There are 2 protein chains.
Amino acid sequence: MSYQNTSLIKICLVEDDNIIREGFVMLLNENQGFKVVSAYNNCEDFLRNVQTDKPNVVLMDIELPGMNGIEGIERTKKIYPHAQIIVVTVYENDDLVFKALCAGAGGYLTKNMPSQRLIEAIREIMGGGAPMSTNIARLVVASFQKNHNSPLSSRETEVLELLSRGKSYSNIAEGLFIDKETVRTHIKNIYWKLEVHSKAEAIEKAMKEKLI
Amino acid sequence: MSYQNTSLIKICLVEDDNIIREGFVMLLNENQGFKVVSAYNNCEDFLRNVQTDKPNVVLMDIELPGMNGIEGIERTKKIYPHAQIIVVTVYENDDLVFKALCAGAGGYLTKNMPSQRLIEAIREIMGGGAPMSTNIARLVVASFQKNHNSPLSSRETEVLELLSRGKSYSNIAEGLFIDKETVRTHIKNIYWKLEVHSKAEAIEKAMKEKLI
DNA sequence: CTGAATCTCACCCAATTTGGGGGGATTTAA
DNA sequence: TTAAATCCCCCCAAATTGGGTGAGATTCAG
């Protein structure tokens, strides 16, 4: 087996803004134990070289010419799953954050951070963490929480929950030890309260409003 | 409107270990701007007083005599949603973390942290963040990510995704601009690959293995 | 180039599910 | 004592579902 300096963290950058990219390169290389192996201004070039660059950490922008960062994260994870990817962007948009995390990002920083935070973040992700900006962490945690102003009763919520897991009325009845007809009544009431007329609509609305 | 010192953070503790609880009280009260209004060794007593204590932040243990912390978080959020709750526990169990966050926890720390981290965490949660221990943050972020070793093709995954949202075969066919019969074929193949024989089983298995 | 995998569509059948309509009983909290 | 929540029952017709079988087209790696 060849020698590997485990304390040297190899970093790739994917960032189209020349100023920011070069700034990051300098900042990181100043740091003992960090080595920026390559810096790209687009995903395509990065993806062509990731397997030879063998980065431990990738700092990836989202808004990029050509392929966007989300797609870039997905592809990176497919061909070089070993890399830890930290998104560095100006966007604090909910949707983008979740897409990035689903695609495989291991951290998410906004560009308004103090530059020292970048250093910490890289150490953090190599140490088994998931560096996030304050607001991002809040977004992520909030995504687990349910709406406390649900129009549905707790029993109705329970029924809808099971319905959303693909259970049939009979399944639900068994699971809750009630009659199938009772389940039907609950579902009728759910539809009435949510102003929908089908399972799919009910689940969609319930998901969007975080009722389940 | 009555005078409110916005810089004074009122804290409640719920922790059954006397040593730890008293340690936290001292640690926090030493800090300018923090005031421990009450410290309880069980949830029941805390819940009876939360509306008069009016804490900004609650530090809550999970393993407690009587009502457990998860239940405690839920009830607190129901009767006093304003409070930010930080779980402080020894457990790093996946299931417990997600249950706590779903119940309404805004942060999650493990007791092996440096005590200074507690101070930071309280500032962090008051500043709109979501303080988490390193490993917890990783758990949370990982929960968004899909299994990269899925036996399903991308089309099959797409179909199963829509199925899990309660869509019927016809709905899915419309959504993907393919024939209903094709959807049926995909689903048959999904069932074969996942070794299941119904929608509910397929969704359950897919969720558990993070295929969708 | 060949074979495996994937994606697409078709037709058969029977059982189950679903949505909508109606009616009622009991408990519980405001 | 109302209103709500929860529970149960009946009817019906349309739609959905699961299983079987077969088959053309494309893509992709060995």
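Within every chain, numbering begins at 1; the chains are lettered A, B, ... in the order of the sequence lines, protein sequences first and strands thereafter. Bear in mind that the values here come from a model prediction, so they are computed numbers and not experimental data.
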Requested in this report: Please check if atom NZ in A:Lys99 has more than 12 non-hydrogen atoms from other residues, nucleotides or ligands closer than 6.0 Å.
Outcome: no
Query raised in the report: Under 6.0 Å from the CD1 atom of B:Ile19, do we count more than 12 heavy atoms belonging to anything else shown?
Result: no
Query - Quiz item: A:Glu181 side-chain donor-acceptor pair to D:dC10 base, under 3.5 Å - result: yes
Query - Donor-acceptor pair present, B:Lys199 side chain and D:dG18 base, under 3.5 Å - result: no
Report task. Answer yes if the side chains of A:Glu92 and A:Asn135 hold a donor-acceptor pair under 3.5 Å, and no otherwise. Result -> yes
Tell me: [atom1] of [X] to [atom2] of [N], nearest whole Å?
X        : N      : atom1 : atom2 : value
B:Tyr191 : D:dG19 : OH    : P     : 7 Å
B:Glu201 : D:dT17 : CD    : P     : 15 Å
A:His197 : D:dA14 : NE2   : C1'   : 17 Å
B:Trp192 : D:dG18 : CH2   : P     : 18 Å

Query raised in the report: Using a heavy-atom cut-off of 4.0 Å to chain A, what are the terminal contacting nucleotides of DNA chain C, in 5' to 3' order?
Result: C:dT17 to C:dG22
Requested in this report: Tell me what B:Thr182 touches on the nucleic acid: a base, only sugar-phosphate, or nothing, going by heavy atoms under 4.0 Å.
Outcome: base
Query - Residues touching DNA chain C, which here means a heavy atom under 4.0 Å, drawn from residues 157-180 of chain A - result: A:Ser168, A:Tyr169, A:Ser170, A:Lys180
Report summary line: Assign each of B:Thr185 and B:Ala200 the nucleotide of DNA chain D bearing its closest heavy atom; nearer the 5' end lies the nucleotide of B:Ala200
Query raised in the report: So, B:Glu204 and A:Arg165, do they make that salt bridge, N to O below 4.0 Å?
Result: no
Query raised in the report: With no hydrogens and no angle check, is any side-chain donor or acceptor of A:Thr89 less than 3.5 Å from a backbone partner on A:Tyr91?
Result: yes
Query raised in the report: Backbone N or O of A:Gly175 within a donor-acceptor pair of the A:Lys167 side chain at under 3.5 Å?
Result: no
Report summary line: So CD of A:Glu161 and NZ of A:Lys146: to nearest 0.5 Å the spacing works out to 5.0 Å
Report summary line: Note: for A:Ser198 and B:Lys188 on DNA chain C, the residue whose nearest nucleotide lies more 5' is B:Lys188
Query raised in the report: Between B:Phe144 and A:Phe98, how do the two ring planes meet: parallel, tilted or perpendicular, split at 30° and 60°?
Result: parallel
Query raised in the report: Could you walk me through whether A:Val141 and B:Tyr108 pass the side chain to side chain contact (heavy atoms under 4.5 Å, CB included) check?
Result: CA-CA 10 Å; A:Val141 166; B:Tyr108 198 113; over 6 Å; no
